[in-house]
Amino acid sequence: MLNIKRIQKDPAEIIKLLKTKNFDAGEIIKQIINCDKKRREILQDTEKKKSELNKLSKEIGNLFREKRIDEANLAKEKTGKLKEDIKKLDKKVVETEKKLNNLLIQVPNIPHESVPFGNSEEDNEKIRSGGEFPELPGNVLPHWELTVKYDIIDFELGNKITGAGFPVYKGKGAKFQRALINFFLDEGLKAGYLEIQPPIVVNEDSGYGTGQLPDKDGQMYYIQTDNLYLIPTAEVPVTNIYRDVILDVDELPVKNIAYTPCFRREAGSYGKDVRGLNRLHQFDKVEIVQIQHPGKSYETLEEMTVHIEGLIQKLELPYRIMRLCGGDISFTSALTYDFEVFAAAQKKWLEVSSVSNFESFQANRLKLRFKEKGSKKTYIAHTLNGSALALPRIFAALIENNQTPEGIVIPKILRPYTGFDIIG
RNA sequence: GGAGAAAUGGCAGAGUGGUCGAAUGCGGCGGUCUUGAAAACCGUUGUCCGUUUACUCGGACCGGGGGUUCGAAUCCCUCUUUCUCCGCCA
């Protein structure tokens, strides 16, 4: 959510900047400014009346103490209309605030100046790439066949016990999965992140805090009896730790890392693009989250990018880093880099990480602030997060790219974690 | 799941209808003293919103929401959470 004061300050500028996201903000910004003006008018009116009532009440109290009962009762009569007015006005204030908030949450975050124009992923900009494309024999198998061949993931069994998109990892497949999680967490700890194990179900407030609600509630699994949601990403519980929090400036940056399962309904869209591990309803992910001083958040974004790139390099996967264009970047992000690895059997680039700077967009809604040294003033912090990394597509690319006639070769860096160097 | 108790500022804890945004202690910050530190002493110390060029002024907040009252931290309703006891349980 953008800050109302920023909108008031230069609405034309905001409308201009949002064009990069292919968002025509003209009408809604106008509505917001009007609504806010109305809100302040009503608020002032209300507070003036409240002030009067407070004054009267004090006088009545004094009169009673001095036993001037008649005068007190006379004064009492004067309060009736005031109270009525205040009640009505209060209601109007709440309504107007709700309306304003409703408008505000419809405006996307302002993109960073480096975000390229564009409509779709075609227009994303390649920042850099690395790794070697593997040289595979002609008869290579895609991962959904490899998993059957070596009996490491059972999609059918997942269908039986839950449904499509809930695979069962078995044997070396399960161990491999666990190795990846531990590797990602350990690398994060080395980079100074604090490990968090958050709940994987969250309440409504948290859903609103990170913006999954009210719009995207259909994308989350919902537990009706308890009014709770299964998390789509660790970003939700971890970021919500800092909801309504005022940090000290020297606590920044806050660096958290969390492994969680993630749940996404993502109804529809079946077919070749989403086969096997390419898209799941339940998957594992290690997420990194940072809270940073506004002046340093872009440095931090670069730092996180380098961290994620390092993970992929250590796994010896061919990769490319894309800067998302205005049409592809998310509603909440100011700047996002996507990391894609090449799965050599599918011959496809798979997105394995997305790292974003949300600037103050998330923090504003969360009321996540920090306090400068020696100052009473609080400022909205900047938040960033990224996957480091999402498991299934890494799993897919690794087994596809490392298949040999003898079996699937485990990358060197993972061998201490798996305890075996080949799946055969 | 059943019975009971509670929720107040960074923490501890007083406050049971008016002068309470809230005593007191601890902590934090500033100062006096000291070569320095400690101790002692003095001062200061929440958040949000509106208003003002600014000094200011006004409003709201004592777990959340609602109510009674001229007036609520205090009374009533409701929800949530915590604690104690019992039951169940990895």
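Numbered from 1 within each chain, the chains take letters A, B, ... in sequence-line order.
Nucleotide B:rG1 is matched to B:rC86 when pairs are restricted to Watson-Crick or G-U wobble geometry with both distances under 3.5 angstrom. Nucleotide B:rA60 forms a Watson-Crick or G-U wobble pair with B:rU47, both donor-acceptor distances falling under 3.5 Å. Look at B:rU32: its Watson-Crick or wobble partner, with both distances under 3.5 angstrom, is B:rA40. Base pairing annotation: B:rC55 forms no Watson-Crick or G-U wobble pair, as no partner gives both donor-acceptor distances under 3.5 Å. Searching all strands for a Watson-Crick or G-U wobble partner of B:rA73 with both distances below 3.5 Å returns nothing. B:rU68 is unpaired under the Watson-Crick or G-U wobble criterion, no partner having all donor-acceptor distances under 3.5 Å. Partner assigned to B:rC26 is B:rG10, using Watson-Crick or G-U wobble distances below 3.5 angstrom.
In this model, the phosphate group of B:rU51 is approached by a side-chain N or O of A:Gln44 to a distance below 4.0 Å at OP1 or OP2. At B:rU51, one or more side-chain N or O atoms of A:Arg40 fall inside 4.0 Å of OP1 or OP2 (strictly under the cut-off). The phosphate of B:rU47 has neither OP1 nor OP2 within less than 4.0 Å of any side-chain N or O from A:Arg369. For A:Lys76 and B:rU69, the shortest distance from a side-chain N or O to OP1 or OP2 is not below 4.0 Å. Note on A:Thr378: a side-chain N or O is less than 4.0 Å away from OP1 or OP2 of B:rC48.
Distance, A:Lys371 NZ to B:rG46 P: 8 Å, rounded to whole Å. The separation between A:Leu82 atom CG and B:rG71 atom P is 10 Å, rounded to whole Å. At whole-Å resolution of the value, NZ in A:Lys83 and C1' in B:rG67 are 11 Å apart. Atom CG of A:Leu56 and atom C1' of B:rG18 are 14 Å apart (whole Å).
The side chain of A:Arg39 lies closest to B:rG50 when the candidates are B:rG18, B:rG50, B:rU47. Checking B:rC49, B:rU51, B:rG18 against the side-chain heavy atoms of A:Ile60 singles out B:rG18 as nearest. Side-chain proximity of A:Lys87 to the nucleotides B:rG67, B:rG50, B:rU47 is greatest for B:rG67.
Side-chain contact of A:Gln346 with A:Glu400: a donor-acceptor pair under 3.5 Å is present, judged by distance alone. For A:Gln292 and A:His382, the side-chain atoms include no donor-acceptor pair closer than 3.5 Å.
Between A:Tyr259 and A:Phe184, the distance separating the two ring centers is not shorter than 6.0 angstrom. No close placement of the A:His143 and A:Phe395 rings is indicated, their centers lying 6.0 Å or farther apart.
Annotation: side chain of A:Phe339 is in contact with side chain of A:Val355 (closest heavy-atom distance under 4.5 Å). By the 4.5 Å heavy-atom criterion applied to side chains, A:Asn203 and A:Asn227 are not counted as neighbours.
Relative to the six-membered ring of A:Tyr150, A:Lys172 misses at least one condition, a distance below 6.0 Å or an angle of at most 45° to the axis.
Between the P atoms of B:rG10 and B:rG59, the separation comes to 23 Å (whole Å).
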Polar atom pairs between nucleotides 59-64 of chain B and protein, under 3.5 Å, N or O only, would you list them?
{"residue": "B:rG59", "atom": "OP1", "partner": "A:Asn54", "partner atom": "ND2", "Å": "3.1"}

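A:His281 pairs in a ring-ring contact (aromatic ring centres under 6.0 Å, His included) with only one of the listed residues (A:Phe263, A:Phe166, A:Phe155), which is A:Phe166.
Backbone-only contact: A:Thr79 has heavy atoms under 4.0 Å from sugar-phosphate atoms and none from a base.
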